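Predicted model, so just to flag it, every value in this text is computed and none were measured. Just so you know, ligand 1 is whichever comes first in the structure, and atom 1 is the first atom listed for that ligand.
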Amino acid sequence: MLYALTPSDLLSLLLFILPAYVANATPVIMGGGDGIDGGMHWVDGRRVLGKGKTLRGTLSGILAGTIVGIILGVLAPGWFLAGFALSTKLIIAFLLSLGAMAGDIFGSFIKRRMGFADGGKVEFLDQLLFLAGALVFALPFFVPSLLQVILLAALTYLIHKLTNWAAHKLKLKNVPW
Ligand code: CTP
Ligand code: MG
């Protein structure tokens, strides 16, 4: 089943990915407490994921992204995943959120293996792995076109840069990335 989205329909595209954005942003505010790696170290002596990936942040991200999907499904039925039943929209929003968290966590795993400290800046990985995770997890319901993937990658890169800079200015983040 494909989601019939015209490539030029940027608003629908942005609304589609919004649960993943919300899932990715929520841990910055809600995160804290134990790391999901339980403080464990990899064979290279570094943390498996690091202290920046917490259970509380991850669960709150999945929950917030899913809730936003339900809200969009109710308030903007013709814009958010038009054509899908509300229950399916809920499942897709959940998959997008879960995938965003998984992609972001995978990113931290790679960063630690590359030797970057917690919170270190790695261009593209920081901005795009959560998007990749979200899109992969949503594949059973929505296979994006190449153009849609390119548009989402470009938009996500810019929006991520902008929102993280803003989060830094608002003192929600220590670093502007
Ligand atoms: N966060 C969290 N749980 C997650 C993701 C993020 O608690 N699953 C919180 C952490 O407080 C983290 C902050 O959100 O420091 C910013 O997230 P992010 O930039 O993804 O993590 P970094 O601290 O940069 O760590 P890493 O180098 O592993 O990406
Ligand atoms: Mg970071």
Side-chain angles (χ1 to χ4, degrees), residues 13-72 90-140 144 149 151-177:
L13 199 61
L14 278 174
L15 285 181
F16 159 71
I17 204 64
L18 196 62
Y21 285 5
V22 171
N24 197 239
T26 300
V28 177
I29 302 158
M30 300 298 290
D34 293 337
I36 38 180
D37 63 7
M40 286 194 297
H41 292 73
W42 194 250
V43 285
D44 54 14
R46 296 176 186 278
R47 280 279 291 265
V48 178
L49 301 173
K51 61 177 169 50
K53 302 295 119 124
T54 69
L55 196 62
R56 212 169 76 193
T58 308
L59 293 178
S60 62
I62 296 168
L63 190 68
T66 307
I67 289 171
V68 162
I70 301 170
I71 294 172
L72 285 174
L90 188 157
I91 295 169
I92 297 173
F94 171 73
L95 288 175
L96 286 168
S97 307
L98 189 68
M101 293 293 90
D104 181 60
I105 288 166
F106 182 57
S108 291
F109 178 78
I110 296 176
K111 282 168 80 171
R112 298 300 88 78
R113 303 293 73 74
M114 289 168 73
F116 286 96
D118 291 343
K121 181 184 178 184
V122 182
E123 203 62 33
F124 299 118
L125 214 83
D126 280 337
Q127 301 89 12
L128 296 180
L129 263 192
F130 85 92
L131 172 69
L135 293 180
V136 167
F137 274 52
L139 277 179
V149 172
L151 276 173
L152 279 173
L155 283 168
T156 303
Y157 181 82
L158 292 175
I159 291 170
H160 192 281
K161 288 257 170 191
L162 208 71
T163 49
N164 279 273
W165 175 82
H168 176 61
K169 286 281 167 208
L170 293 168
K171 305 202 188 306
L172 294 172
K173 283 194 84 162
N174 295 328
V175 289
W177 57 80

Closest protein heavy atom (residue, atom, distance) for atom 20 (O) of ligand 1: K53 NZ, 2.8 Å

Pair Y157 + F124: ring centers closer than 6.0 Å: yes

K53 with D37: basic N within carboxylate O range, under 4.0 Å: no

Heavy-atom neighbours of F106 CZ exceed 12 at 6.0 Å: no

Option of least heavy-atom distance to atom 28 (O) of ligand 1 (set: G33, S60, A102, S108): S108

Close-contact set for ligand 1 against D104 heavy atoms, below 4.0 Å: 5 (C), 20 (O)

Heavy-atom nearest neighbour in the protein, as seen from atom 9 (C) of ligand 1, with distance rounded to 0.1 Å: P27 O, 3.4 Å

Shortest reach to atom 15 (O) of ligand 1 by a heavy atom, considering only G50, G32, G107, G52: G52

Gap between atom CG of L128 and atom CG of L152 - 0.5 Å precision: 10.5 Å

Heavy atom of the protein closest to atom 3 (N) of ligand 1 (residue, atom name, distance): T54 N, 3.1 Å

Salt-bridge present (K111, D118; N to O < 4.0 Å): no

Closest candidate by heavy atom, reference atom 29 (O) of ligand 1, pool K51, M101, K111: K111

Contact with ligand 1 for R56, non-hydrogen, under 4.0 angstrom: no

Heavy-atom neighbours of N174 CG exceed 12 at 6.0 Å: no

Contacting atoms of ligand 1, where contact means under 4.0 angstrom from a heavy atom of D118: 27 (O)

Numbered atoms of ligand 1 (with element) below 4.0 Å of G31, judged on heavy atoms: 7 (O)

H160 and F130 aromatic ring geometry - parallel, tilted or perpendicular at 30°/60° bounds: tilted

Nearest-0.5 Å distance that lies between atom CG in L72 and atom CD1 in I92: 12.5 Å

Atoms in ligand 1 flagged as close to G120, the criterion being non-hydrogen separation under 4.0 Å: 27 (O)

Atom 8 (N) of ligand 1: nearest protein contact (heavy atom, Å): T58 OG1, 2.9 Å

Test of proximity, K173 against ligand 1: N or O pairs below 3.5 Å: yes

Atoms of ligand 1 close to R112 [distance to a heavy atom under 4.0 angstrom, numbered from 1]: 26 (P), 27 (O), 28 (O)

Point-to-point distance, once rounded to the nearest 0.5 Å, from CG of L151 to CG of L155: 6.0 Å

Closest protein heavy atom (residue, atom, distance) for atom 25 (O) of ligand 1: G119 N, 3.4 Å

Enclosure of K173 NZ (heavy-atom neighbours >12, cutoff 6.0 Å): yes

Verify atom 17 (O) of ligand 1: protein non-hydrogen atom under 4.0 angstrom away: no

